[in-house]
Amino acid sequence: MQVTAEHCPAPVPPAGSRGIDEILAAARTRLHRLDPERAHLAYRAGALLVDIRPAAQRAAHGVVPGSLTVERNVLEWRFDPRCAARLPQAVDYDVPVMILCQEGYTSSLAAAALQDVGLHRATDVIGGFAAWRIAGLPALGPTPLHTSALASPVNTGWARR
């Protein structure tokens, strides 16, 4: 029998700690989240659409054309106007930034983190890229893996005569 989390007793959490569901709910109370259609309109009106998904997810599922790719692990540094590692788009604290992840969970936490940095207009896209695609909004991909070497026959040094 394989042991899974559901078969193990949950440890007693430390005093003052919060579970991820509580952390996510608290983050979302601070955001003015946008459904994909409203996010698309905001994007067309000049808001930044920032895709924080890892490269593997972007390759597997596709991307929004023109979105800005900033992986989650460097997001706050790239958007903090005080930081030397900031992007040219991080001009002030009033920049409208919409965060996009695959399904709309990590993006909520990331948008709340940007609000902590001071970007008060940061928010995320409800349902993430999956909902964006389902809504029929502009998307490219997925990007096929580079399989040209696998598709061509192997040169064995001899040919059939």
Side-chain angles (χ1 to χ4, degrees), residues 4-6 8 10-11 13-135 137-147:
T4 62
E6 63 190 39
C8 297
S17 68
R18 299 180 297 157
I20 190 60
D21 291 335
E22 187 178 354
I23 293 168
L24 180 62
R28 288 181 171 169
T29 64
R30 300 166 42 193
L31 304 175
H32 181 69
R33 302 183 77 214
L34 301 174
D35 63 40
E37 293 83 2
R38 288 178 49 215
H40 183 243
L41 291 173
Y43 174 56
R44 291 183 56 193
L48 294 176
L49 182 62
V50 180
D51 190 337
I52 63 167
R53 295 174 299 154
Q57 276 189 333
R58 294 190 310 272
H61 300 284
V63 297
V64 176
S67 62
L68 183 62
T69 300
V70 180
E71 290 193 13
R72 177 64 189 100
N73 62 320
V74 296
L75 184 69
E76 291 87 346
W77 286 270
R78 299 301 182 254
F79 278 95
D80 184 350
R82 293 170 277 225
C83 183
R86 73 183 174 276
L87 293 171
Q89 294 88 337
V91 294
D92 62 38
Y93 297 95
D94 198 41
V95 174
V97 177
M98 299 176 299
I99 305 297
L100 184 73
C101 71
Q102 186 60 32
E103 295 181 351
Y105 294 95
T106 302
S107 58
S108 296
L109 300 175
L114 288 182
Q115 285 188 357
D116 289 342
V117 169
L119 280 80
H120 63 97
R121 296 176 68 187
T123 191
D124 75 326
V125 179
I126 298 168
F129 182 77
W132 182 281
R133 188 134 229 184
I134 289 169
L137 296 169
L140 301 173
T143 305
L145 295 174
H146 298 288
T147 57

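For the atom pair L137 CG and L41 CG, the distance stands at 8.5 Å (nearest 0.5 Å). If you take CD1 on I20 and CD1 on I23, they are separated by 4.5 Å, rounding to the nearest 0.5 Å. To the nearest 0.5 Å, atoms CG (L49) and CG (D124) are separated by 11.0 Å. In this structure, OG on S107 lies 10.5 Å from CG on L75, to the nearest 0.5 angstrom. Interatomic distance, CG of L119 versus CD of E76, reported as 10.5 Å (0.5 Å rounding). Atom-to-atom distance recorded for L31:CG and L114:CG is 10.0 Å, nearest 0.5 angstrom.
Looking at every heavy atom in both residues, R78 comes nearest to A90 through O-CB, 3.6 Å. Considering all non-hydrogen atoms of both residues, H120 and Q115 come closest at O-NE2, 3.7 Å. Among all heavy-atom pairs drawn from R18 and A26, the shortest one is NH1-CB, 3.8 Å. Between A59 and P142, the shortest heavy-atom contact is O-CB, 3.1 Å. Across every non-hydrogen atom of R72 and A113, the tightest pair is NH2-CB, 3.9 Å. The nearest pair of heavy atoms linking F129 to A139 is CZ-CB, 3.9 Å.
No donor-acceptor pair under 3.5 Å is formed between the side chain of Q102 and the backbone N or O of G128. Looking only at distances, no side-chain donor or acceptor of R53 sits under 3.5 Å from a matching main-chain atom of L100. Checked by atom type and distance alone, the side chain of W132 never pairs as donor or acceptor with a backbone atom of G127 at under 3.5 Å. Judged by distance alone, the side chain of R133 and the main-chain N or O of H61 form a donor-acceptor pair under 3.5 Å. Looking at T123, its side chain does come within 3.5 Å of a backbone N or O of H32 through a donor-acceptor pair. Side-chain atoms of R38 never come within 3.5 Å of backbone atoms of D35 as a donor-acceptor pair (strictly under, hydrogens ignored). For the pair R30 (side chain) and A112 (backbone), a donor-acceptor distance under 3.5 Å is present. Side chain of R121 to backbone of D94: a donor-acceptor contact under 3.5 angstrom is found.
For Y105, the OH atom counts as loosely surrounded, since its 6.0 Å shell holds 12 or fewer non-hydrogen atoms of other residues, nucleotides or ligands. Sparse packing is recorded around CD of E103, with 12 or fewer heavy atoms of other residues, nucleotides or ligands lying under 6.0 Å away.
Looking at heavy atoms from C-beta onward, Y93 lies in side-chain contact with D80 at the 4.5 angstrom threshold. You'll find the side chain of L34 stays beyond 4.5 Å of the side chain of V125, heavy atoms only.
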